[in-house]
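For ligands, and for the atoms within them, numbers begin at 1 and follow the listed sequence. The structure presented is a predicted model; accordingly, all values stated were derived computationally and were not measured.
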Amino acid sequence: MNIVKGCFGKTKKGETVTKYTLVNDHGYSVSVLNYGGIINEILVPDRHGIIKNVVLGYNNIVDYEENAPYFGCITGRTAGRIKDATFSIGEDTYVLGKNDGNNNLHGGFNALDKTIWNITEVVEKDVAMVSLNYMSPHLEEGYPGNVDIIVSYKWDNTNQLSISYRATTDQETIINLTNHSYFNLSGDFSTDILDHTLQIEADRFIQLRKDLTPEDISEVKDTPFDFRVAKTIGQDINENNRQLMIENGYDHPFILDSIKRPQITLAHERSGRKLSITTDETCVVCYTGNFLNAKFKAYDEVPLKKSAGVCLETQYYPDSQNFKLVPSKTLKPYEAYLTVTSYHFTN
Ligand code: G6D
């Protein structure tokens with residue numbers, strides 16, 4: 001195991017962006033930036049041992065700062081949308097940035113995806129890890145509490161990437177973190193992921209309003225949202241279904257089965273690459289890159305098409321303070337927020 005550091009560039013504010021590449025003994029690697037905790041590359045083999053990068057991203061910081069739909073980033077303080085960009089805790093109401101119409105998306109205008117994180121490195125015999133730390137001050141982007149956040153990326157010799165999210169606060173607050181990587185297991189970003197097979201152990205999903213905030217809970221049975229048996233993402237994506245039509249594809253939280261592991265499996269038949277995701281979280285948002293288009297050029301050269309990548313964002317119920325059909329969840333001063341999601345790549 002090894003960690004290779006390299007300069008990735010400087011932000012508009014002149015902050016140095018460093019790339020940390022975690023390399024295992026097989027030569028397969030995960031690269032992470034201190035800017036936004038972005039997963040910049042994941043290099044894993046196909047069935048013939050050919051190594052390709054399987055996540056969308058850029059090889060320059062300007063594009064990440066100015067033209068990135070959350071490629072690979074730590075997302076928060078709250079992943080997803082907060083209706084009307086407001087929430088209450090007890091008698092107190094908090095107002096967040098309205099960076100998505102009338103709602104807050106992914107923590108606001110200058111959220112964790114645009115933050116410079118302090119990184120520490122650990123290399124052991126079978127594990128390489130980077131831990132990213134950031135102290136988010138009280139009322140940053142409108143959220144209460146001085147919140148100390150640690151996100152760790154651990155890469156090992158079985159090609160498993162484990163992401164742990166930890167946080168503590170000095171005042172009751174809300175926090176719901178995820179990673180927003182776009183996977184394309186073919187490694188060819190000129191293609192889309194409609195040929196990937198996906199299995200999600202979820203009997204229910206969350207229906208969204210037209211403004212994409214959580215509205216209702218529905219069974220997946222007899223709908224295009226039934227991924228309990230593996231099927232290609234493209235099989236039902238163009239069905240005449242209201243939820244698919246308002247979202248221009250899948251962009252929905254799935255409520256995960258609490259027993260079966262791994263809960264999510266993504267596979268690409270032609271290359272033989274497979275991704276198995278195991279999480280202690282309640283939901284996964286499956287977003288099929290519905291708004292990707294040629295203005296996004298992966299790694300400076302490949303103009304993307306719609307659905308060039310699929311996001312599988314594990315998290316708690318989105319907007320649980322406002323979405324009354326799920327238990328609301330806050331972080332209190334005497335508690336610790338801790339959640340772990342593992343991504344196991346096989347071929
Ligand atoms: C769109 O609705 C989707 C989100 O789910 C996604 O995270 C974002 O694009 C990148 O707003």
Notebook entry, point to check: Can you pull the salt bridge (charged side-chain N to carboxylate O under 4.0 Å, His left out) pairs that have at least one residue in residues 124-140, sequence neighbours excluded?
Noted result: none
Next item on the list: Kindly state each residue pair satisfying salt bridge (charged side-chain N to carboxylate O under 4.0 Å, His left out) with at least one member in residues 142-153, sequence neighbours excluded.
Entry: none
Note to self: Tyr250: which residues meet the ring-ring contact (aromatic ring centres under 6.0 Å, His included) condition with it, sequence neighbours left out?
What the structure shows: Phe225, Phe227
Item checked: Derivation of the ring-ring contact (aromatic ring centres under 6.0 Å, His included) call for Phe71 and Tyr182 -> CA-CA 6 Å; Phe71 285 151; Tyr182 290 68; 5.1 Å; yes
Next item on the list: For residues Tyr94 and Gln171, report the shortest heavy-atom separation together with the two atoms involved.
Entry: OH-NE2, 3.5 Å
Between ligand 1 and the protein, which N/O pairs are shorter than 3.5 Å?
unit_1   : atom_1 : unit_2 : atom_2 : d
ligand 1 : 2 (O)  : Arg81  : NH1    : 3.1
ligand 1 : 2 (O)  : Arg81  : NH2    : 3.0
ligand 1 : 2 (O)  : Asp251 : OD2    : 2.4
ligand 1 : 5 (O)  : Asp251 : OD1    : 2.7
ligand 1 : 5 (O)  : Asp251 : OD2    : 3.4
ligand 1 : 7 (O)  : His106 : NE2    : 2.7
ligand 1 : 7 (O)  : His180 : NE2    : 2.7
ligand 1 : 11 (O) : Arg81  : NH2    : 2.8

Note to self: When you measure from the side chain of Gln263 to the backbone of Thr279, do you find a donor-acceptor pair of N or O atoms at a distance under 3.5 Å?
What the structure shows: yes
